[in-house]
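FYI, side chains are in, hydrogens and waters are out, and symmetry mates aren't considered; it's all heavy atoms of this structure. Just so you know, ligand 1 is whichever comes first in the structure, and atom 1 is the first atom listed for that ligand.
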Amino acid sequence: MTEKVWGGRFREETDSLVNRFNASIGFDRRLYAQDIKGSMAHCKMLARQGIISDDEASKILAALGEINREIERGDLLISDDYEDIHGLVEKTLVGKTGSLGEKLHTGRSRNDQVALDVRLYVRDVIHHITALIRETRITLVKIAEDNLDLIMPGYTHLQRAQPVLLSHHLLAYNAMLKRDGERFNDSLKRVNILPLGSAALAGSTFNLDREMVADELGFDGISENSMDAVSDRDFVLEFLFNASVLMMHLSRLSEELILWSSQEFSFISISDAFCTGSSIMPQKKNPDLPELIRGKTGRVYGHLISLLTVMKGLPLTYNKDMQEDKEGLFDSADTVEICLEVMTKLIGEISFNRERLRAAAEKGFLVATDLADYLVVKGMTFREAHEIVGRIVLYALDKGKELNEISLDEMRGFARKIDQDVYEWLDTEMSVKRKKIPGGTGHDAVRKSIKKEKEDLRI
Ligand code: ARG
């Protein structure tokens, strides 16, 4: 490494091992666009404030634009000879403009510069992720709308509990993803704050117009405290937390897809294009994609815990420890983005086995709660009704029958209040329909919520 932005005070060359260990160019190269954008805004402001001349500014801006294009085109190699992306951009600028380029760093430190770059990056990624979340939600809502007649067992403890609409089940994931999107968007008001002007830690002696830079870069405001601004990474932590919650939700949906596509459930099949085979067992068709999404959740959690640990106990202000914020951030963003894309395509490739779903909903006394509700309507307390239905279930188990297969006479042996109309309550379809309550699984309620979600998604 030859190109340093801090060589003056040093008599000896840096040890090559130190260069290798210290450098972040290997990963912060991803911030080149943000770095250049931030530098351009800073440059314009320096000119406006009379710190550099307009002519100087336009030369610097032209060169920065050129560097950006060259990197984009792959003409400018991001070489490991530099310590980090800030050094690379600055040294390349100086290479193009001579000593003029050396003026750019006036009133700026890499400490506020890196904080700026990471904020710009997180902001961009949030916009991308929320757009991808929207795509996943659109797909879920569409599937829910197209399959409104499909009834399946709802589970608690992975035991059949009550019949529900498949649509209702899928819309639960839409609700989770909606909150995830909101959480990312809410965090923007903390992310979208300009740290530049904080310089190393104490602010600057130059008359910098921070508001102008904030406007130029589309920030909602400027940081209030220079020491906080250069040492705060809670906006990254918040991003990682939001990413973790999102991955947790995707992992739950993945787990259900894995279960549902197993022979034991056989509720769905995933198209061949989205499954893989086994190298030894010719018959296998494996749900690798949801498994990978479930598995990748681990690394995103890991990055959250890792950065929390990096930041723990750090004295103010900037410490090099904080360079460790980036790889986990980038990896989390990449992971979340690809998982969302895969999930959206994957669920679009599912076909539902309506007979299996329905048959599963008919077996296992899923309407037992309806029977208890029926007895309450007939005047019993719920606890009494619960007790009686429990006994009827035991009886049915002994007889190897479902509740709707027990005769009225047999049933009346348990409670005189039971009449012929009980069978309406023991019908799976009716059981679902009766859950008219807002937020419930009844067809009407689900139809309403699909309408609402479509409005929300503007589709
Ligand atoms: N590569 C550094 C980082 O990512 C940039 C800031 C360096 N600042 C410093 N004073 N060493 O944190």
Side-chain angles (χ1 to χ4, degrees), residues 1-10 13-39 42 67 71 78-94 102 104-125 191 193-205 223 225-237 239-240 303 306-334:
M1 186 178 305
T2 50
E3 305 286 358
K4 293 207 170 52
V5 287
W6 43 258
R9 188 225 172 277
F10 288 76
E13 267 300 305
T14 322
D15 187 280
S16 64
L17 180 63
V18 175
N19 280 337
R20 198 145 58 83
F21 186 63
N22 190 44
S24 54
I25 189 84
F27 46 87
D28 68 14
R29 59 180 64 207
R30 283 182 62 154
L31 295 174
Y32 78 87
Q34 288 82 2
D35 198 69
I36 292 171
K37 190 171 171 180
S39 287
H42 183 65
I67 296 171
I71 298 179
I78 299 190
S79 135
D80 286 337
D81 285 350
Y82 298 88
E83 181 183 334
D84 55 29
I85 190 66
H86 325 296
L88 177 134
V89 171
E90 190 177 328
K91 288 285 181 190
T92 313
L93 175 68
V94 173
E102 294 177 350
L104 174 64
H105 211 52
T106 311
R108 192 176 69 168
S109 155
R110 277 186 300 161
N111 296 351
D112 57 350
Q113 189 178 356
V114 74
L116 170 71
D117 293 2
V118 177
R119 281 176 184 271
L120 286 172
Y121 172 82
V122 171
R123 186 177 79 181
D124 291 346
V125 164
V191 172
I193 297 293
L194 176 86
L196 220 58
S198 305
L201 75 160
S204 172
T205 49
S223 56
N225 181 304
S226 61
M227 297 181 76
D228 174 45
V230 293
S231 60
D232 155 44
R233 292 293 181 274
D234 29 335
F235 68 98
V236 181
L237 288 168
F239 174 84
L240 294 174
H303 296 318
S306 157
L307 185 60
L308 277 168
T309 313
V310 166
M311 296 306 292
K312 176 183 178 295
L314 282 188
L316 297 187
T317 50
Y318 178 83
N319 301 271
K320 194 66 176 236
D321 314 44
M322 289 156 67
Q323 180 166 289
E324 289 290 309
D325 61 353
K326 285 171 211 60
E327 285 158 291
L329 168 63
F330 296 152
D331 184 65
S332 299
D334 293 346

Enumerate, one pair per line, all nitrogen or oxygen atoms of ligand 1 lying under 3.5 Å from a protein nitrogen or oxygen, stating the separation to 0.1 Å; write 'none' if no such pair exists.
from: ligand 1; atom 1: 1 (N); to: Ser24; atom 2: OG; distance (Å): 3.0
from: ligand 1; atom 1: 1 (N); to: Asp84; atom 2: OD2; distance (Å): 3.4
from: ligand 1; atom 1: 1 (N); to: Gln323; atom 2: OE1; distance (Å): 2.7
from: ligand 1; atom 1: 4 (O); to: Lys326; atom 2: NZ; distance (Å): 2.5
from: ligand 1; atom 1: 8 (N); to: Asn111; atom 2: OD1; distance (Å): 2.9
from: ligand 1; atom 1: 10 (N); to: Asn111; atom 2: OD1; distance (Å): 2.9
from: ligand 1; atom 1: 12 (O); to: Tyr318; atom 2: OH; distance (Å): 2.4

Of Glu327, Gln323, Lys326, the one forming a side chain to side chain contact (heavy atoms under 4.5 Å, CB included) with Ser24 is Gln323

Handout entry: Check: Val114 and His86 side chains under 4.5 Å, non-hydrogen atoms
Key =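 Yes, their side chains come closer than 4.5 Å.
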
Identify whether the distance between the nearest side-chain nitrogen and carboxylate oxygen of Asp124 and Lys37 falls below 4.0 Å. no

Pair up each side-chain donor or acceptor in residues 193-205 with any protein partner under 3.5 Å, not counting sequence neighbours, and list the distances.
from: Ser198; atom 1: OG; to: Pro195; atom 2: O; distance (Å): 2.6
from: Ser204; atom 1: OG; to: Phe206; atom 2: N; distance (Å): 3.0

Does NZ in Lys320 sit with more than 12 non-hydrogen atoms of other residues, nucleotides or ligands closer than 6.0 Å? yes

side-chain hydrogen bond (donor to acceptor under 3.5 Å, both in side chains) test vs Arg29 passes for just one of Asp84, Asp80, Asp35, namely Asp80

